[in-house]
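Worksheet: the structure to be examined is printed underneath.
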Amino acid sequence: MAKNFTKRSDNYSQWYNELVIKADLAENSAVRGCMVIKPHGYSIWEKMQAALDKMFKDTGHVNAYFPLFIPKSFLSREAAHVEGFAKECAVITHYRLKSDPNGKGVIVDPDAKLEEELIVRPTSETIIWDTYRKWIQSYRDLPLLINQWANVVRWEMRTRLFLRTAEFLWQEGHTAHATEKEAMEEARRMLDVYSTFAEEYMAMPVLKGVKTASERFAGAVETFCIEGLMQDGKALQAGTSHFLGQNFAKAFDVKFLTKENQQEYVWATSWGVSTRLVGALIMTHSDDHGLVLPPKLAPIQVAVIPIFKNEEELQRISEKIIPIINALKAKGISVKYDDRDTQKPGWKFNEYEFKGVPVRLAVGPRDLENNSLEIARRDELTKETIDFDKCVDYVEQLLEDIQSNLYNKALDYRTKNTVEVNTWDEFVQRIENEGGFISAHWDGTAETEEKIKQETKATIRCIPLDNPLEDGKCILTGNPSKQRVLFARSY
RNA sequence: CGGGGUGUGGCGCAGUUGGCUAGCGUACUUGCAUGGGGUGCAAGGGGUCGGAAGUUCGAGUCUUCUCACCCCGACCA
């Protein structure tokens with residue numbers, strides 16, 4: 001157990017913060033609300049990027065890059081969009097500084113005021129649709145399937161490392177289609193990409209659903225989402241995919257000629273996931289001993305620690321273990337051989353454990369005699385002794401086991417913490433105590449949704465996609481309802 | 001923006017009714033021993049107390065102003 005590390009059961013959010021810091025993932029920067037992503041945290045993000053990027057390309061998308069700055073007037077073209085983002089935009093008003101005539105330092109040069117202010121993108125729909133107008137003339141130009149890896153800024157009032165920062169890294173896909181059906185299919189397809197990624201790579205089970213009108217993305221016709229359940233019973237929106245209808249095409253006048261020589265507005269989608277996923281990953285699997293990473297996203301999958309008293313002993317160990325390391329690497333496994341003499345073995349054990357390395361091998365003189373080594377798995381914190389000649393296959397299999405074990409544990413947790421509730425008292429009781437997902441009837445009005453939020457802080461996370469229809473009564477108002485929706489408190 | 005809090009070696013903190021050379025843990029450096037779960041002992045380096053002004057013989061400590069950050073709410077991926 002790490003020294004001075006808060007337990008989840010004592011204070012979950014403190015546990016989270018300490019974990020991020022102590023596992024060297026990120027730290028607060030000199031800029032309010034903005035984090036420094038440290039190498040270990042960033043390499044997890046890179047693993048995520050690599051997997052997602054491949055999935056995007058495999059579904060026909062290409063990458064491009066649009067400007068960080070957006071003319072202020074662009075934002076207001078789409079009414080709902082500006083309303084949603086106006087309150088959290090950073091604004092560029094000047095382009096030059098000058099020395100302070102009254103003292104030290106520099107001041108904003110009042111003569112360098114911009115004709116039109118620029119905003120730092122909170123999302124890129126507007127600049128991209130303004131550009132798409134020039135790119136799209138004919139049905140032959142469609143579909144346009146573009147993704148961008150970028151940073152965005154949303155001036156949030158309260159921030160938390162990875163979960164909500166003023167600047168964050170993400171990808172945003174922006175696609176244009178000839179038909180409503182095609183755009184809707186795209187939005188759903190990318191939602192599936194996200195859920196596949198979450199489950200197969202992050203080992204995080206997610207629920208796919210559609211947002212209610214009040215939770216919808218500013219400017220979207222329909223917002224789809226994946227929702228995960230964190231270990232403290234709160235839900236986390238892990239990704240969104242929006243069907244934008246023709247809203248942005250109309251706002252930016254993006255039309256195309258159909259085969260029938262008709263002018264029509266194009267149909268759009270946008271979809272994104274962010275560095276918030278790193279936060280989701282942490283909160284899904286990690287424990288009171290630190291970070292736990294699923295092998296598929298672990299920058300180091302196997303740490304090898306020699307135990308030696310002197311140079312000669314290390315050499316004997318290295319001779320034996322390096323061929324094994326090479327065999328593991330040949331299988332595409334990332335291995336770190338930590339033969340530093342500057343840290344003690346016990347120190348290293350704790351280090352890799354806290355940083356979430358899935359598998360640890362330890363080899364010492366004892367193992368050389370027995371022709372064995374010690375294999376420890378991070379997810380279960382168990383150790384075994386394995387014969388040298390069996391260990392390569394064993395490790396390969398173990399990584400797969402850990403990946404699926406993590407998923408199954410998380411799924412089991414979610415299953416146990418998803419309940420159907422039929423009365424208001426039960427609902428309130430559940431929200432206040434256990435948390436988790438609550439499946440309950442809702443009368444479908446924004447007023448009721450808002451009132452439930454006011455009274456319990458619970459929001460409708462989504463209406464699950466394959467939701468069965470079922471007659472019932474709204475838990476708050478008793479009005480008739482056709483289906484259950486999913487409530488939770490959320491991040 | 002409302003409420004609360006904190007600024008003192010890299011990090012985490014103590015510092016009493018103003019008083020003498022500003023202290024502790026940890027981290028760091030060196031040496032010796034140690035080496036299968038954050039090793040022990042010893043020695044050593046490093047701060048002028050967020051900033052400004054004031055009161056005083058004397059300010060980390062009191063006063064005023066100011067800046068920054070953190071936590072709780074409203075807002076949000």
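FYI, side chains are in, hydrogens and waters are out, and symmetry mates aren't considered; it's all heavy atoms of this structure. So you know, we letter chains A, B, ... as the sequences are listed, proteins then strands, and number each from 1.
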Which of the following nucleotides, B:G37, B:G73, B:C75, is nearest to the side chain of A:K87? B:C75
Any stems for RNA chain B, made of 3 or more Watson-Crick or G-U pairs in a row, each with both distances under 3.5 Å? B:1-7 with B:67-73, B:10-13 with B:23-26, B:28-33 with B:39-44, B:50-54 with B:62-66
Are there more than 12 heavy atoms of other residues, nucleotides or ligands under 6.0 Å from atom CD of A:E312? yes
Counting the atoms with a prime plus P, OP1 and OP2 as sugar-phosphate, which does A:F168 contact under 4.0 Å by heavy atoms, base, sugar-phosphate, or nothing? base
Earlier contact from the 5' end, RNA chain B, for A:W170 and A:F308: A:F308
Distance-only donor-acceptor check, side chains A:Q454 and A:E450, under 3.5 Å: yes
Examine the base of B:G35 for any acceptor or donor lying under 3.5 Å from a partner atom in the side chain of A:D341, and report the outcome as yes or no. yes
I'd like to know if A:K7 pairs up with A:D288 as an ion pair, taking the criterion as any Lys NZ or Arg NE/NH1/NH2 lying under 4.0 Å from an Asp or Glu carboxylate oxygen. no
Need to verify one output field. Residue with the more 5' nearest nucleotide on RNA chain B, A:S274 or A:L381? A:L381
Just by distance, with hydrogens left out, do A:E380 and A:N405 show a side-chain donor and acceptor under 3.5 Å apart? yes
Just checking, is any N or O donor in the side chain of A:W149 or A:D53 under 3.5 Å from an acceptor N or O on the other one? yes
Within the 4.0 Å heavy-atom criterion, would you say A:R160 contacts the bases, only the backbone, or no part of the nucleic acid? nothing
Below 4.0 angstrom, N of the basic side chain to O of the carboxylate: do A:D387 and A:K390 qualify? yes
Taking the six-membered ring of A:F349 (Phe, Tyr or Trp), confirm whether the NZ or CZ of A:R360 is under 6.0 Å from its centre and within 45° of its axis. yes
Classify the side chain of A:K309 and the base of B:U34 as holding, or not holding, a donor-acceptor pair under 3.5 Å. no
Taking atom types as they are modelled, is there a donor-acceptor pair under 3.5 Å from the base of B:G37 to the side chain of A:K383? yes
Side-chain ion pair, A:R377 and A:D401, N-O less than 4.0 Å: no
Quick check: any donor-acceptor pair below 3.5 Å linking the side-chain of A:Q343 to the base of B:G38? no
Donor-acceptor check, side chain of A:D367 to backbone of A:G364, threshold 3.5 angstrom: yes or no? yes
Looking only at side-chain atoms of A:N28, point me to the closest of B:G36, B:C70, B:G38. B:C70
With the side chain defined as heavy atoms from C-beta on, A:K344 is closest, among B:U39, B:C75, B:G37, to B:U39
Please list residues of residues 290-302 of chain A whose heavy atoms come under 4.0 Å from any atom in RNA chain B, ordered by number; otherwise none. none
